[in-house]
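Chain letters run A, B, ... following the sequence lines, proteins first and then strands; every chain starts at 1. This one's a predicted model, so the numbers in the text were calculated from it and none came from an experiment.
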Amino acid sequence: MTTIYVGNLPFSATEDEVRGIFERYGKVESVKLINDRETGRPRGFGFVEMPASDAQSAIQQTNGFQMGGRPLRVNEAQERAPRPKGPGGGGGGGPRRW
DNA sequence: GTTGAGCGC
């Protein structure tokens, strides 16, 4: 299973909407939209968990997909849990793909 | 009654 970062989401977007989009390109394991923990205000990005085979296809298909008038930013997500041995790398730190 | 970077407890 691969974790996918989904950004540039409209504040009016919901997890059900994002899941519906990704389910068209593969099996969606889980969807979580991130909102500000302190203020509760939506940050406009979230995460989608999918199988690796479906994730690679879904990323390319959903990247730039207009949702609510905004093109979605889809990319492979970083690891949420930091490793005590050292920091991770790659993925989100790379060049932007248009 | 608002806003816009980008990586979640």
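B/dG8 atom C1' lies 17 Å from atom CD of A/Glu29, rounded to whole Å. The NZ-P distance, from A/Lys32 to B/dC9, rounds to 7 Å in whole Å. When the C1' atom of B/dA5 is taken as reference, atom CG of A/Asn75 falls 15 Å away, rounded to whole Å. Straight-line distance from the CD atom of A/Glu76 to the P atom of B/dG8: 16 Å, rounded to whole Å. Atom-to-atom, CD of A/Gln78 to P of B/dG8 comes out at 8 Å; the value is rounded to the nearest Å. At whole-Å resolution of the value, CD1 in A/Ile34 and P in B/dA5 are 18 Å apart.
Inter-residue side-chain proximity for A/Ile21 and A/Phe65 is flagged as met; some heavy-atom pair is nearer than 4.5 Å. Two residues are said to be in side-chain contact when any heavy atoms from C-beta on lie closer than 4.5 Å; A/Met50 and A/Thr2 fail this criterion.
Under the ring-ring contact (aromatic ring centres under 6.0 Å, His included) criterion, the residue pairs touching residues 26-57 of chain A are A/Tyr5-A/Phe45, A/Tyr5-A/Phe47, with sequence neighbours excluded.
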Would you tabulate the pairs of protein nitrogen or oxygen atoms and nucleotide nitrogen or oxygen atoms of nucleotides 2-4 of chain B closer than 3.5 angstrom?
from: B/dG4; atom 1: N7; to: A/Arg70; atom 2: NH2; distance (Å): 2.9
from: B/dG4; atom 1: O6; to: A/Arg70; atom 2: NE; distance (Å): 2.7
from: B/dG4; atom 1: N1; to: A/Leu9; atom 2: O; distance (Å): 2.6
from: B/dG4; atom 1: N2; to: A/Leu9; atom 2: O; distance (Å): 3.1
from: B/dG4; atom 1: N2; to: A/Arg43; atom 2: O; distance (Å): 3.4
from: B/dG4; atom 1: N2; to: A/Gly44; atom 2: O; distance (Å): 3.0

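For B/dG6, the glycosidic angle deviates from 0 by 90° or less, giving a syn base.
Contact record, A/Ala58 with A/Phe22: CB-CD2, 3.9 Å, taken as the closest heavy-atom pair.
Side-chain atoms of A/Asp54 come within 3.5 Å of backbone N or O of A/Lys27 as a donor-acceptor pair. The closest donor-acceptor contact from the side chain of A/Glu23 to the backbone of A/Val28 lies at 3.5 Å or more, if one exists at all.
Two residues, A/Tyr5 and A/Asn35, neighbour DNA chain B, and the one matched to the more 5' nucleotide by heavy-atom proximity is A/Tyr5.
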